2 protein chains.
Amino acid sequence: MPSLSASAYVVLGLLESGPATPYALDREIQRSVGHFWDFPRSQIYAEAARLVRRGLVTEEREAAGRRRRTLALTRAGRDTLAAWLTGPAEAATDVRDEGLLRLYFQQDAASDGEGVRRLAQAQVAAHRAKLAEYEAILVWAGAGDSAGVGPRFETPQAAALAFGMRFEELAVEFWTEVAEGGAGVVDPRGRGR
Amino acid sequence: MPSLSASAYVVLGLLESGPATPYALDREIQRSVGHFWDFPRSQIYAEAARLVRRGLVTEEREAAGRRRRTLALTRAGRDTLAAWLTGPAEAATDVRDEGLLRLYFQQDAASDGEGVRRLAQAQVAAHRAKLAEYEAILVWAGAGDSAGVGPRFETPQAAALAFGMRFEELAVEFWTEVAEGGAGVVDPRGRGR
DNA sequence: CCTATCATGTAATCCGTTACATGATTAT
DNA sequence: ATAATCATGTAACGGATTACATGATAGG
């Protein structure tokens, strides 16, 4: 039996706090774990079907109307999840960023870095937007205010989201430098560190 | 005609510096653009086939022996690439990180954060390794040394790789804090910023 | 020469995305 | 009531990964 995909564990992980419909899972993914492991809603149906086949999840459907499903963890599902959570962690991070790709392929000579600058500005805007999203989520998640040693999150969940936020900060900083410096004037280790 | 995938543009982009075999492209992807848009070698064959169908790439095969292919950009391919490089950039970054996923799902209570600590330590090691990789690549790419205002890269390629490097630095920093603080003692905005 | 490693290709399968279709609910 | 939006499901297609198979080359 081939091992489960990370997406499968997302489903298992979310179901641990109780039964849910695929739609509800999707909502939760969007505002939390989707920031570092995203996939479309339709995928939840596919994953759920696989998990049911393996006996890790049960599925009940309404008889009438919308015929919606309710998914729930089985005992085996809970165990599988627990094993994954405590097992060895091999898989590396992978980042897919079309902006960096485009940056990479820009011709150095192309109109004195004008293209690079525009790309960089668009990226700054996009990452700022994502930053704002994180801020909203983290406030809602119960951060205190920002003075001094400052607020501390108390759950692993919050820590994971905090990473996402720092990533966006990094991206904003990076692309700002690129926009300012134009093509090819970037200090690889950042400024003032 | 549905638009090309980013992976397709990777192939086009690399072919711009001249014809190459799929294998050679793979090598180059591994040490450069693969850091922010990775895919397996077999995918190159698939992409190449699609690109040939669209007339963006030509393919020649040896008659004998290994029957290897040589891929080359057509005029149309060059144009398509140029259009992409200068067109609007919408797609957002997506990060897939199994480590963060696991962190997210850790039970706060689970043996006083022991699991979290071990996870974090493994992540630190993995990201340190990746950092070392970047350092090797960037040295080879022609960085100067590290004093003062310091070295400046002169190509967009180097800038893109520099981002990857900063990302790894961030990850090392983050997971180190998690390892030190244990489960749920993480300042979302970092320390000393 | 033999073995290990590099280089190359293909196919099967699985995963993921897009697109579509329709049932419920809320606002005007 | 009607339109808009939220909630829900499915199918088809295309993309990505794994596994396998084999040709060349270099080191011993």
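Small disclaimer: the values here were computed from a predicted structure and weren't measured.
- Contacts of A:Arg53 with the nucleic acid, taken as non-hydrogen atoms under 4.0 Å apart, are absent.
- Sorted by first and then second residue, the salt bridge (charged side-chain N to carboxylate O under 4.0 Å, His left out) pairs involving residues 12-27 of chain B (not counting sequence neighbours) form an empty list.
- By the salt bridge (Lys or Arg N to Asp or Glu O under 4.0 Å) test, A:Arg96 pairs with no residue at all, sequence neighbours left out.
- Distance, B:Ile29 CD1 to C:dT8 C1': 15 Å, rounded to whole Å.
- Residues meeting the side chain to side chain contact (heavy atoms under 4.5 Å, CB included) test with A:Ala6, sequence neighbours left out: A:Trp37, B:Glu98, B:Leu101.
- Spacing between atom CG of B:Leu4 and atom P of C:dT17 amounts to 18 Å, rounded to whole angstrom units.
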Enumerate all atom pairs, one protein N or O and one N or O from nucleotides 4-6 of chain C, separated by less than 3.5 Å.
none

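- Checked for salt-bridge contact, B:Glu169 and B:Arg166 miss the test: no charged N lies under 4.0 Å from a carboxylate O.
- B:Leu25 places its CG atom 14 Å from the P atom of C:dA7, with the value rounded to the nearest Å.
- For A:Thr21, counting side-chain heavy atoms from C-beta on, the closest listed nucleotide (C:dT8, C:dC15, D:dT8) is D:dT8.
- Across all strands shown, A:Ser7 has heavy atoms under 4.0 Å from sugar-phosphate atoms exclusively, and none from any base.
- Under the rule for a salt bridge (Lys or Arg N to Asp or Glu O under 4.0 Å), the partners of A:Arg50 that lie at least two apart in sequence or sit in another chain are A:Glu47.
- For B:Phe36, there are no ring pair (Phe, Tyr, Trp, His ring centres under 6.0 Å) partners two or more places apart in sequence or in a different chain.
- Residue B:Arg61 places at least one side-chain N or O closer than 4.0 Å to OP1 or OP2 of C:dT10.
- For DNA chain C, the neighbouring residues in residues 36-46 of chain A, judged by any heavy atom under 4.0 Å, are A:Phe39, A:Pro40, A:Ser42, A:Gln43.
- Rounded to whole Å, the distance from CD on B:Glu47 to P on D:dA16 is 6 Å.
- Close to C:dT8, at under 4.0 Å from its OP1 or OP2, lies a side-chain N or O of B:Arg68.
- One can place CZ of B:Arg69 at 7 Å from C1' of C:dG9, the figure rounded to the nearest angstrom.
- Under the ring pair (Phe, Tyr, Trp, His ring centres under 6.0 Å) criterion, A:Phe39 pairs with no residue, sequence neighbours left out.
- When the side-chain nitrogen and oxygen atoms of B:Arg96 are compared with OP1 and OP2 of C:dG16, one or more of them lie within a distance under 4.0 Å.
- Residue pairs meeting the salt bridge (charged side-chain N to carboxylate O under 4.0 Å, His left out) criterion with at least one member in residues 118-132 of chain B: none, sequence neighbours excluded.
- Distance alone, capped at 3.5 Å, places no donor-acceptor pair between the B:Thr70 side chain and the B:Thr21 backbone.
- Pairs passing the ring pair (Phe, Tyr, Trp, His ring centres under 6.0 Å) check and including a residue from residues 69-97 of chain B, sequence neighbours excluded, read B:Tyr9-B:Trp84.
- Comparing the helix axis at one end of the helix from C:dC1-D:dG28 to C:dT28-D:dA1 with that at the other, each defined from 5 consecutive pairs, gives an inter-axis angle of 30° (nearest 10°).
- Not counting sequence neighbours, the partners of A:Asp79 by the side chain to side chain contact (heavy atoms under 4.5 Å, CB included) test are A:Arg75.
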